[in-house]
Amino acid sequence: MHSSRLLTKFLSRFPSKSSQNLSKSSDADLYDQNSYAVAIPEKQHQSVLSVDDYDGRLDAVRLSEYPQLFETGTSQLKTVFLDHTGSTLYAASHIKAVADELLTHIPANPHSQHVASQWTHLKIEQIRDRLLQFFGTTAERYAVVFTANATAAIRLAGELTPMEKPGVFCYTRESHTSVVGVRNLAAECGVTICPTDFDDIDTVILPTNTSGTSLLAYPAQCNFSGQRFPMNMASKIDHLYRQSGDYDEDNHVPWWVLIDAAGYASSSPLKLDALDVGPDFVAASMYKIFGAPTGLGVLLVKRSSIPHFKPKRFFGGGTVANLSFDRRWQEFRHDIESRLEDGTINYQSILSLSHALDAYMRNFSSIDRASRHIQSVTDYAIETLRSLSHSNGNRICHIYGHDDGTKWGPVVAFNLKDTQGKFIGYYEVEKLAVMAGIALRSGRFCNPGSSQKWLQFTTPDLMRLSAMGYACGDEHDLIQGRPVGALRISFGAMTCKLEIDKFAGFLMRHYQNFTQPVSCMTEKEHKMSKMPKSYSSSGSIPQELLSPMTAKEPRDGSDLHIEIEHVVIYPVKSCHGWVVPRGMAWELTYFGLKFDRAFMIMRHNSKAPMQQKRYPRMTLIRPRIDLDRSLMILEAPDRPPLEVSLLADSMNLERTESLVCGNTVQVFRIISDETSSWLSSVLGVSCYLACDPQLLISDTSVMSPDVLSQADTLSSGGSLLTPRSRRDDLAFVNAAQLLMVTSESAAQVDRWVKEESDTGNSGLEGGRIGPMRYRPNLIVKAASGTEMSRRLEPFEELKWTGLNVGSTRFQVSGPCRRCQMIGVNQESANVLKEPFSTLARRMRVNGQVVFGIYLDKIDNAYGESGNACAFITSGAVAEITI
C-alpha cells in the first residue's frame, strides 16, 4: 500500500464529532468506564464453566480480608490483581494479628536463654511443624531450614549436594534463573553442565550415562507457561538404581534431586509423604503462598540425605557448638536446622507465619480447597481469553501452552495480535493496563529456557540482541515483528471471576479490531535484518509511515505556516519545565536548546537517572535560568530557592556513568552537600545532581565532543569534556533534540477525555490537560495573518517532514512514543490515568501510543568562535514541509 494511503487510513481514525459520539456509544455498551466492568458480546464468550467461590463465601472474604483491592470504605474494585506468581496478597487478619502479637509479646533472639527468647524459640519450632503439615510431610522425614528467600534455598541446596567429577548437573528447560544459577556452583566442582528438556531426563539419569555424584534440578511448575511436572523423579531414580542391588539403604544413589516449588506450592498441595521416595531438597517461598512476610524462604531437607551432605564452607553465629579462635577447629551443632541457619534467623517474620497459616485456613479451609478454586479460575480464564476475537474471527490472544493433555498451573503467558495476525507490543499493553488499574507482568519472567522455547528465540539470537543493547525488562518488545517477551497473568486463592471478566473487557475495549498500519523497525533491527535503511538519521520510525511523499519529492505547494507559541526547556531531566519569556531569543546549540536536559538527578545505587514516572515529586522542582548571573535557580514548595552555577569551569565535579535509554554516557557528579541535601529533602530519597559540562557555560562548550578528558575527578579550572557512547549531538534527552506538540492536537485530546472520562481519576485537574503535560520543547499553533494561513488540523503534524525557522532547518524524526509519565500532573504531581488511557485508544502508530513529533536540526554544526548555531523565539513563524 502506498504510504499516502497508509497515512490517510491512519488519520481517518480521527472522525468528525458526530462519528466520535457514535464511537463513544458503542464503547460504552462494551465497557463500563466507572468500574472497568465488561459486557462481552455473547458470541464472544459463552462459557459453560463455573468458578468455585468457596460455597458462596469468596466475596465476603475478599471484602473483609483484602481491602487493599478496593476503594477505601467501599466495595468498588480499585485494582484487578493478576500477578499472584509474582506475589500473592496478604490477609488483613494476618497483618492485624502480627501487630497485636508484637504489641503484647517480646519476640527475642532465640539464641538467648531468657523468657522472651525461649518463648520465641518454642513458637518457631511449632511453626516448623505446622509448615511440614502444610507441605504434606512430618519432621520424621524432612527438616525445615529457613533462608532469606527461595533463591537462597536453591543456592544452599546446590552447596550441600556432594557433586563431584565426573558427575553431572542437569537442569530442565523450564527452570527459573535461580536454578540455572546453580550451574556456576557445579562448574566449580568440575561436573558436566547438562541443560535438557524434561522428557529427556529418563535418558540422562540412566546408569550407563552416569558417573560420579550428580544433581537433577527442576521446577514443579514453570513460572513462564504454568506447565507442571511430576514430583516423583526421586522415586524413579531410586527405583532405577536400587533394583540393581548396587545401593543399599545406607548409600545415597548417585543422583540427588532438587525441586523448585516456589510457584507450585502457592496453588497446589505438595503431599511429600505420598511419594515413595521424596526429593532431597524442596525450595519454597513464604510470600508467594501467604502474601507476607517477604524475605523468607524455606528449604525442606530430607533427613535421610543429611549424612551425605557436602561439608559447609562457611559457618556463622549459632551454627557451631564449639569453636577455636586460633586453629581451624569447630564442632557444628547436631540439629540440621541450627547447623544450616547461619546467624540470627528472621524470627519476627517466622513468627508471623503462624498468623499467616491461621488466616489461610480460616479463609480457604485448606490448600486442597484453595487448589480446586484456583484451578477453576484458571480454566475459566483460558476459555475466556480464547473466546476473544476480532470481527474477522481472528483471535486476539496468542496463548503459550494450555493446549494439550499436559497439566498446567494458574499461570497464563500470552501476547496479543491485531486483526491481521500481527503481534502487538506487550510493553504498550502493560503501560495501558497499569493506567487501567490492572496488575499483570510482562517480559521473560526470569525463565530463559521456557521463554526461548515459546517465543522461538535461539541462544545466538539472544546473544546478538544483547550485543546490540537489548535487555530483558526494557521497552523493546517487538524485534522484526516478533515478541521477545510476553504478558503474564496468574491467579491465587482469592482471585474471583469478576477480575477475569474485567481483564477481558479491558482487552476488548482497547484491542478488538485493532489494526497496525505497517510494521516498523528501529535502527538496531535494521542492523539485524540487513534491510535497506529507509528512515531518518535518528533511527526512529520509518519516514514512509509519516508522510505521503518521501523527503526527496518536491514540495507540492501545500506548505503551512505555524507560530511558535512557547519555547520550553527542562534544565533538569524529568523536572518541571521552564517557559522561555516571550520574545526572548533562545540559543540553539549543537545539542539542541541551550541548557535543555543539561542536568540530571541520580541516586547513589543506580546508574539510571531518576525519572518522573517513578518519582512524581520531581515535577515540583521548578528550575529557571538567570542568564545575567549565569545561574540555574531551583524552587520547590516549602523550600528556600537553591542556586546552581551554570559555569562549568567553577564546579567541583567527579566523573561517573549513567544510562540514558540503555546507552552508557559519561556524566559528572556535582560535589555539593548543599545541592544534594536540598534535592534529597524534596524527593524524599538520597540523591545528587549531575551534569554534562559541555551543555553549560565553559570554554569546552565550543570544542568538538570527541575530545575526551582523561581525569576521573575534575575541580575548578579543569578540562570538562564528556565521552559518549551514543549520538554525540544529544543532551540527556531520550531520542531527539527537540519535541514539538501542537495546541490543536492537545485540545483535541482534552475534548476526547472530557467526552469519555469517568467521574473519578480523569486527569482533568484544573479543567484541562493542556500541552505542557506532554513536556514539549516547542508548542506551536496555526499562524494568523500570513498568506498561507489556514486551520491547523489535530494531528496534522504526523504528515510533516520538516520545518524551517528562519535559516534554521529541522527534520521530523518520528512521533514521540508515550508512557504513563504523561499521567503526572505537572503542577500537583498527582498521578492520573489520563491522557495516556485515551491516547492508547485513539493514537497508536505501529501499536505504540504516540503524541507529538521529534525534531532534529539539519546540517548541525558548531558556530565559529563560539557563536551560537542559531536562535529561536516564541512568536516566530515557521514554515512547514509536508
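Predicted model only: the values in this text are computed from it and were never measured.
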Centres of the [X] and [Y] rings: under 6.0 Å?
| X | Y | answer |
| --- | --- | --- |
| His373 | Tyr54 | yes |
| Phe290 | Phe134 | yes |
| Phe81 | Phe491 | no |
| Phe332 | His334 | no |
| Phe224 | Phe445 | yes |

(message) Do Ser387 and Arg395 pair up side chain to side chain, a donor and an acceptor below 3.5 Å, judged on atom types alone?
(response)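 No - no donor-acceptor pair under 3.5 Å links their side chains.
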(message) Restricting to salt bridge (charged side-chain N to carboxylate O under 4.0 Å, His left out), what partner residues turn up for Asp280, sequence neighbours left out?
(response)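 In terms of salt bridge (charged side-chain N to carboxylate O under 4.0 Å, His left out), with neighbours along the sequence ignored, Asp280 is linked to no residue.
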(message) For Val277, is there any backbone N or O sitting under 3.5 Å from a side-chain donor or acceptor partner on Ser235?
(response)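 It does hold such a pair.
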(message) Quick one: does any side-chain atom of His402 pair with a main-chain N or O of Ser225 as donor and acceptor, under 3.5 Å?
(response)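 At least one qualifying donor-acceptor pair exists.
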N-O pairing of [X] and [Y] below 4.0 Å:
| X | Y | value |
| --- | --- | --- |
| Asp202 | Lys236 | yes |
| Asp501 | Lys497 | yes |
| Arg339 | Glu331 | no |
| Asp83 | Arg441 | no |

(request) With side-chain hydrogen bond (donor to acceptor under 3.5 Å, both in side chains) as the test, would you mind laying out the steps for Thr203 and Asp200 before giving the verdict? (result) CA-CA 6 Å; Thr203 300; Asp200 295 331; 5.7 Å; no
(request) Evaluate the side-chain hydrogen bond (donor to acceptor under 3.5 Å, both in side chains) criterion for residues Asp461 and Thr458: first the C-alpha distance (whole Å), next the side-chain angles of each, then the deciding distance (0.1 Å), finally the verdict. (result) CA-CA 5 Å; Asp461 287 337; Thr458 65; 3.0 Å; yes
(request) Start with the C-alpha distance between Ser366 and Tyr360, add both sets of side-chain angles, then the distance that settles side-chain hydrogen bond (donor to acceptor under 3.5 Å, both in side chains), and finish with yes or no. (result) CA-CA 7 Å; Ser366 68; Tyr360 193 95; over 6 Å; no
(request) Scan residues 180-195 for pairs that pass side-chain hydrogen bond (donor to acceptor under 3.5 Å, both in side chains), counting only residues two or more places apart or in two chains. (result)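 Listed once each, the pairs are Tyr171-Arg183.
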(message) Checking Lys123 now: which residues fulfil side-chain hydrogen bond (donor to acceptor under 3.5 Å, both in side chains) with it, not counting sequence neighbours?
(response)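 So Lys123 forms no side-chain hydrogen bond (donor to acceptor under 3.5 Å, both in side chains) with any residue.
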(message) Would Lys417 and Phe423 count as a cation-pi pair here, with the cationic atom under 6.0 angstrom from the ring centre and within 45° of the axis?
(response)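 Output yes; distance and angle both within limits.
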(request) Please report the shortest heavy-atom distance between Glu337 and Val144, naming the atom on each side. (result)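 Between these two residues, the closest heavy atoms are CG-O, 3.3 Å.
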